[in-house]
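Here the structure is laid out as structure tokens; the discussion comes afterwards.
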Amino acid sequence: TTQNYAQFKNALIASNCDRCELHKGRTHIVVDRGNPEARLMLIGEGPGENEDKQGKAFVGRAGQLMDELFLEIGLDTNRDTLIANVVKCRPPENRAPHQEEAKTCIVFLKHQIALVKPKVILLLGATALKHLVPAKTKFSMSDEAGKFFTVSEFPETLLMVLYHPAYLLYDARKITPMREHLLRLHD
Ligand code: URA
């Protein structure tokens with residue numbers, strides 16, 4: 001995995017991709033953070049300002065909170081997870097990626113999933129759910145969060161939706177259910 005994954009990552013960065021509009025505002029193509037040998041993959045929405053500056057996923061305030069919550073259940077996100085996003089370039093003002101941007105970029109995410117072959121994928125927030133599982137059209141995050149499910153596209157992988165850590169910063173009352181959802185990873 002490591003070698004193929006590193007090749008994929010280096011090639012994507014070197015490509016200077018301009019397949020969608022998001023390339024215009026970026027500093028770095030943000031491919032991931034963490035360990036491509038991990039059995040757990042976390043998928044967010046797209047880079048924010050800190051991620052764009054540093055070229056790594058989830059290194060801002062949301063990422064710090066996420067790291068703390070995973071550490072509580074004994075997981076080091078850099079060692080035990082690979083973190084990626086639906087889009088790899090920062091959207092202006094951190095808006096959600098447009099449908100065509102997500103559609104263009106998700107081929108790279110799917111390549112990452114194919115290389116990593118995670119046991120479990122955690123979809124962080126509605127954007128990740130919407131684009132990874134397009135068959136789910138109408139959903140509410142409070143109904144979806146915390147439940148394992150499978151999809152035919154990734155037959156070997158269990159999926160779970162979680163609240164996006166940036167949402168937890170905005171509504172701290174969701175941290176308690178988030179902790180309960182994370183504990184299900186131990187079953
Ligand atoms: N929010 C995301 O969805 N992804 C990041 O990498 C950082 C913040």
Side-chain angles (χ1 to χ4, degrees), residues 5 8-9 12-13 17 20-36 38 40-71 75-113 115-116 118 120-134 136 139 141-142 144-146 159-172 174-175 177-178 181-182:
Y5 187 89
F8 156 82
K9 176 173 174 174
L12 177 51
I13 292 169
C17 181
C20 87
E21 293 293 297
L22 295 182
H23 79 278
K24 292 180 182 166
R26 78 163 176 249
T27 312
H28 287 101
I29 296 177
V30 178
V31 180
D32 62 11
R33 172 165 72 83
N35 179 3
L40 185 57
M41 198 162 163
L42 316 188
I43 299 179
E45 175 172 304
E49 184 179 14
N50 294 287
E51 290 77 19
D52 176 63
K53 281 197 181 126
Q54 296 183 44
K56 283 191 207 179
F58 277 101
V59 291
R61 282 214 311 144
Q64 276 170 34
L65 173 58
M66 189 174 81
D67 286 0
E68 286 169 23
L69 292 170
F70 276 87
L71 213 50
L75 297 177
D76 173 338
T77 57
N78 287 317
R79 180 195 64 196
D80 303 318
T81 81
L82 184 79
I83 310 168
N85 284 302
V86 171
V87 294
K88 292 175 169 39
C89 297
R90 182 192 180 198
E93 334 256 302
N94 300 337
R95 65 161 170 78
H98 294 155
Q99 182 66 40
E100 79 237 51
E101 294 159 353
K103 203 178 165 189
T104 303
C105 202
I106 210 159
V107 298
F108 298 119
L109 178 61
K110 288 184 177 174
H111 202 109
Q112 287 171 283
I113 295 171
L115 288 167
V116 172
V120 174
I121 292 177
L122 300 177
L123 301 171
L124 305 172
T127 298
L129 175 56
K130 179 175 156 187
H131 295 292
L132 263 295
V133 190
K136 258 207 201 298
F139 58 83
M141 281 298 293
S142 58
E144 300 297 334
L159 290 91
M160 187 195 281
V161 181
L162 291 174
Y163 292 117
H164 193 289
Y167 183 62
L168 305 177
L169 291 172
Y170 164 84
D171 183 357
K174 297 295 186 290
I175 293 181
M178 176 73 159
H181 300 157
L182 284 170

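Counting convention: from 1, in listed order, for ligands and their atoms alike.
Distances shorter than 4.0 angstrom do not occur between any heavy atom of G60 and any atom of ligand 1. Ligand 1 lies out of reach of R33, whose nearest heavy atom is not under 4.0 Å from it.
In terms of protein heavy-atom proximity, atom 5 (C) of ligand 1 is nearest to G46 O, 3.3 Å. In terms of protein heavy-atom proximity, atom 8 (C) of ligand 1 is closest to F58 CE2, 3.7 Å. The nearest protein atom to atom 4 (N) of ligand 1, hydrogens excluded, is given as N85 OD1, 2.8 Å; this is a heavy-atom distance.
Near G44, meaning under 4.0 Å from one of its heavy atoms, ligand 1 places the atoms 3 (O). Listed by number with element, the atoms of ligand 1 under 4.0 angstrom from any heavy atom of H164 are 1 (N), 2 (C), 3 (O). Close contacts between ligand 1 and A57 involve ligand atoms 6 (O) [criterion: under 4.0 Å to a heavy atom]. Listed by number with element, the atoms of ligand 1 under 4.0 angstrom from any heavy atom of E45 are 2 (C), 3 (O).
For the pair K24 and E21, the salt-bridge criterion is met [side-chain N within less than 4.0 Å of a carboxylate O].
The closest side-chain heavy-atom distance from L168 to M66 is not below 4.5 Å.
The closest side-chain donor-acceptor pair between D32 and Y5 falls under 3.5 angstrom.
At most 12 heavy atoms of other shown residues, nucleotides or ligands fall within 6.0 angstrom of atom OH in Y170.
Screening H23, H28, Q112 for a side-chain hydrogen bond (donor to acceptor under 3.5 Å, both in side chains) involving K88 leaves a single residue, Q112.
Residues in residues 120-131 take part in these side-chain hydrogen bond (donor to acceptor under 3.5 Å, both in side chains) pairs, two or more places apart or across chains: E45-T127.
The distance from the CZ atom of F70 to the CG atom of L65 is 10.5 Å, given to the nearest 0.5 Å.
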